[in-house]
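One structure below.
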Amino acid sequence: MMGFVTIPGDKCTYVVFLAYVREGKRHMQIMGWLSVHVDDTMFSVHPAWLPWFVVTLRRKIVYGDIEGDNFSFAGVDFETAFEYAGGNL
């Protein structure tokens, strides 16, 4: 889905990589991850990919509001300890 691949050991968590070549060497960088549990979805993506990711995900999955910072996922409460890029969704 959307270029994401499942990770070994958790078929409900996916990652997406950016592959590039620099100085003749191939590199891969994790650009985001997505975890799905029943009717909950949690994700984190590189800030530059966030607009594309949200639009593309909304085309594939019907869901309500996107919550940032403090939220619940699969019955567990999460609280933001720090932000890399800052800003709100």
Side-chain angles (χ1 to χ4, degrees):
M1 174 173 68
M2 298 169 37
F4 282 77
V5 294
T6 58
I7 63 170
D10 188 351
K11 294 185 180 184
C12 297
T13 300
Y14 305 83
V15 293
V16 65
F17 297 93
L18 173 66
Y20 60 96
V21 176
R22 183 184 311 156
E23 298 176 2
K25 293 183 181 179
R26 183 176 175 187
H27 299 273
M28 294 186 73
Q29 178 179 349
I30 294 177
M31 295 302 285
W33 60 267
L34 168 74
S35 188
V36 180
H37 180 267
V38 185
D39 63 349
D40 285 333
T41 303
M42 181 167 53
F43 66 85
S44 178
V45 296
H46 188 281
W49 285 25
L50 185 59
W52 163 83
F53 182 81
V54 171
V55 167
T56 305
L57 189 63
R58 285 197 186 272
R59 288 182 186 144
K60 305 266 184 197
I61 301 172
V62 176
Y63 60 90
D65 295 335
I66 296 176
E67 298 175 20
D69 297 328
N70 305 327
F71 59 94
S72 293
F73 174 75
V76 178
D77 293 330
F78 288 84
E79 190 172 309
T80 301
F82 68 93
E83 291 185 34
Y84 173 71
N88 296 321
L89 297 177

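In this text, all values refer to a predicted model and were calculated from it rather than measured experimentally.
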Can you hop from V16 to Y20 via hydrophobic side chains spaced under 4.5 Å? yes
Correct closest heavy-atom pair for V15 and I7 would be CG1-CG2, 3.7 Å
Show me the donor-acceptor pairs within less than 3.5 Å that the side chains of residues 24-32 make with the rest of the protein, sequence neighbours left out.
none

Counterpart residues, ring pair (Phe, Tyr, Trp, His ring centres under 6.0 Å), relative to W49 (two or more places apart): W52
Could you measure the distance from the CH2 atom of W33 to the OH atom of Y14? Nearest 0.5 Å is fine. 13.5 Å
